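To start, the structure itself, in structure tokens.
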Amino acid sequence: MKSYLSVINDFTKLIGGKYVITGKWQKQPFVNGWRYGNGDALAVLKPANFIELWRLLKICISQDFIVIIQAANTGLTGGSTPHGNDYDRPIVIINTLRINDIQFINDAKQIIAHAGSTLYDLENKLKPFDREPHSVIGSTSIGASIVGGVCNNSGGSLVKRGPAYTELALYARLNKQGKLELVNELGINLGKAPETILNNLQNGNYNNEDIIHNEKLASDDKYSKIVRGVDENTPARYNSDKRLLYGASGSSGKVVVFALRLDTYPKAKKNKVFYLGTNNPDVFWEIRRDMLSKFDNLPTLGDYLHRDCYDAAKKYSKDNFIVIEKLGTNFLPILFELKRSVDIVASKVKFLPDNFSDRLMQFLSMLFPNHLPKRMEQFRNKFEHHWIVEMSDEGIDEAKEYFDKFFKENDGDFFECNKKEGRKASLHRFVAASAVGRYYNLKNKEVGEMISLDIAIPRNEKIWFEKLPKEINEKIHAKFHYGHLFCHVKHQNYILKKGVNAKELKKQLLEMYNKKGAEYPAEHNFGHEYEAKPSLLNFYRTLDPTNTFNPGIGMSSKFKNWK
């Protein structure tokens, strides 16, 4: 550490000592992944604006440091933190959350999202314009950044919108000679020199005449047609889709994104949630095909939940549900930060149990009464498979008429949610993701390891609900399945029995899905949990030929120049 005192001093002079974090315990929220991965870093830096970020980058490059750019650190595969301590250069994490401005252009039909701006903030700022961001639940609720979603090709729940995508971005990269370059593909005339460009954008020093309107996209304009292709033998969306790798989009931290230009979406005049249940997976397969191929109006979302996952979410995510319902989604990032802090403090106190915050919150949640609607609970008792389908505007009557007729002739049933039931159904599905982690943390002494898969199966696959061979099934203690059924994106979580080799079992599971023609990950990105295919690695190498930014992503080389 002593040999780096002068560079730490340079950082401090530039952004202030409060925003240069070098203490072991103070770094913990930044060097530990939200669910996966951890390592160490020389420092965590929190710049306040574009110029500070640019100048920090120049210092880091001059010192031959690895740079990991991080915003909310809410990724599920460890892609915004160090992973292990086997890198060949010191690591500096630059956290961008202080650079959180959002600028509106083209009558709020498009936005300029700065590096640390969040989906939650964007959703609130768009309300006066009757417009919405790409995602309105899920990542929005945990404080995820707009830029992070695009860099990771995040898919989201919304059927009509597809993965987060843009071809209009302002980012820094290192060329083959190791020289830092600022690439302006925003489609806005902001000047020539890097600091002039950054100053003008930061301060909004441009007008309508400076905005360029060309063929470049600010969202995925093909997905609504792709998702309707129910007879196609390829998945609808997945992270390594060549169609959606462009500049910042899908870059996974291999460039440093300052800002993105993105489309916004008009709000529906009215929405309606339908709650479906069946004991026969083929029933949902038939409904999915009919709605995607025959309906005039695409669904807004269609989120699936297996009964086992329903039960786990009811018990182990009750506290998250109540917090969001009573205090709003804006409190959830605060809760997660508090949870991290409690665990850091508890780890220093010998008599406190491991995962103390989970145990405390689980105990407190038991003091509250059942939070789920009566009709949902009745469906839980009757049906193994649950599907929350939301329609908007003209699609509401189209769906109601179809469900009325369909369930007179087929196994299962549905009900039309009132507003309260609709909110609770969607929220229950959302918090299911945290239930798996809580279950594992509370039972980790009784069970083996945990595996989480994010799988995109082909659009024409009929056997969408997983059927495992006996030799795999007998190694699993518990399974929790949920996902986005219209998109055929499945989130499959397994708690293994003690003594089972998780690495080997995961390999067997992925081989099984390879035979189906599946792709993975579907929307959580590669992080350090999935191996990137050669085509994606070539994209990473093109963006970052010296392997300075976020090395090791997609299980690739962590060494300089990709050695």
Side-chain angles (χ1 to χ4, degrees), residues 1 3-4 7 21-22 24 27-45 56-71 73 75-96 148 151-153 171-180 239-240 245 248 250-257 452 454 502-503 506-507 510 520-521 524-563:
M1 182 67 184
S3 59
Y4 295 112
V7 74
I21 302 169
T22 57
K24 178 183 176 182
K27 287 187 292 185
Q28 293 308 301
F30 306 95
V31 299
N32 289 293
W34 191 63
R35 189 171 78 177
Y36 181 84
N38 62 81
D40 197 12
L42 175 68
V44 177
L45 310 176
L56 288 174
L57 286 174
K58 291 172 78 172
I59 294 173
C60 290
I61 300 310
S62 72
Q63 296 292 323
D64 198 24
F65 289 161
I66 285 170
V67 176
I68 296 177
I69 300 294
Q70 176 191 94
N73 191 17
L76 297 175
T77 56
S80 56
T81 60
H83 185 71
N85 293 305
D86 54 345
Y87 296 84
D88 62 343
R89 294 151 288 168
I91 297 171
V92 169
I93 295 173
I94 301 181
N95 184 284
T96 61
C151 291
N152 292 323
N153 282 143
Y171 58 91
R173 67 186 298 271
L174 278 185
N175 62 23
K176 290 179 181 178
Q177 290 72 44
K179 183 181 177 183
L180 191 65
N239 282 133
S240 62
L245 300 176
S251 60
S252 301
K254 300 305 289 179
V255 296
V256 179
V257 179
S452 296
D454 171 33
K503 190 174 180 180
K506 182 178 179 180
K507 185 179 177 182
L510 292 178
Y520 47 85
H524 292 165
N525 208 263
F526 288 80
H528 295 278
E529 201 169 359
Y530 297 91
E531 185 175 356
K533 291 185 174 181
S535 59
L536 183 59
L537 283 179
N538 288 337
F539 177 63
Y540 291 162
R541 286 172 178 266
T542 301
L543 293 176
D544 184 18
T546 64
N547 204 21
T548 295
F549 300 121
N550 211 10
I553 205 78
M555 297 185 178
S556 62
S557 169
K558 293 181 177 179
F559 301 131
K560 188 174 181 179
N561 299 321
W562 298 89
K563 290 180 181 177

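If you read the sequence from its start, that first residue is 1, and numbering goes on from there. Values in this document were obtained by computation on a predicted structure and should not be read as measured data.
Closest approach of Pro82 to Asp40, counting heavy atoms only: CG-O, 3.6 Å. The minimum heavy-atom distance between Tyr540 and Gly250, with the atom names listed, is CE2-O, 3.8 Å. Considering every non-hydrogen atom in both Gln70 and Phe30, the closest pair reads NE2-O, 2.8 Å. When all heavy atoms of Glu529 and Lys506 are compared, the pair lying nearest together is O-NZ, 2.9 Å. The minimum heavy-atom distance between Ser240 and Leu536, with the atom names listed, is CB-CD2, 4.2 Å. Counting all heavy atoms, side chain and backbone alike, Met555 lies closest to His528 at CE-O, 3.8 Å.
Here the straight-line distance linking atom CG of Asp544 with atom NZ of Lys176 works out to 12.5 Å at 0.5 Å rounding. Between atom CG of residue Leu76 and atom CG of residue Asn152 there is a gap of 10.0 Å, rounded to the nearest 0.5 Å. Put simply, OG1 on Thr81 and NZ on Lys27 are 13.5 Å apart, with the number rounded to the nearest 0.5 Å. Here the CG atom belonging to Leu56 is positioned 5.5 Å from the CG atom belonging to Leu45, to the nearest 0.5 angstrom. Note that CG of Leu180 is 6.0 Å distant from CD1 of Ile61, once rounded to the nearest 0.5 Å. Within the model, atoms CD1 of Ile68 and OH of Tyr87 stand 5.0 Å from one another, a figure rounded to the nearest 0.5 Å.
Of the charged side-chain nitrogens involved, none lies within less than 4.0 Å of a carboxylate oxygen, so that Lys563 and Asp88 do not count as a salt-bridged pair.
The cationic atom of Lys533 (NZ for Lys, CZ for Arg) does not lie both less than 6.0 Å from the six-membered ring centre of Phe526 and within 45° of the ring axis.
Between the Tyr530 side chain and the Asp454 main chain, a donor and an acceptor come within less than 3.5 Å of each other. Of the possible donor and acceptor atoms, none in the side chain of Gln63 sits under 3.5 Å from a partner among the backbone N and O of Val7. No side-chain donor-acceptor contact under 3.5 Å links Ser80 to the backbone of Asn73. The backbone N or O of Thr77 sits nowhere less than 3.5 Å from a side-chain atom of Asn525 that would complete a donor-acceptor pair.
Val255 has its side chain out of reach of Ile69: every pair of non-hydrogen atoms, C-beta onward, lies at least 4.5 Å apart. In this structure, the side chains of Pro545 and Arg173 come closer than 4.5 Å at one or more pairs of heavy atoms. Side-chain atoms of Leu57 and Ile94, non-hydrogen and from C-beta on, do get closer than 4.5 Å to each other. Taking the side chain as every heavy atom from C-beta outward, Phe559 and Pro551 never approach each other to under 4.5 Å.
Defined by atom type and a distance below 3.5 Å, a donor-acceptor pair is missing between the side-chain atoms of Asn547 and Lys558.
Applying the side chain to side chain donor-acceptor pair (under 3.5 Å) criterion to Ser251, with sequence neighbours excluded, gives no partner residue.
Under the 6.0 Å cut-off for aromatic ring centres, Phe65 and Tyr4 qualify, their centroids lying closer than that.
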Is there a side chain to side chain contact (heavy atoms under 4.5 Å, CB included) between Phe539 and Thr542 once you walk through the steps?
CA-CA 5 Å; Phe539 177 63; Thr542 301; 5.6 Å; no
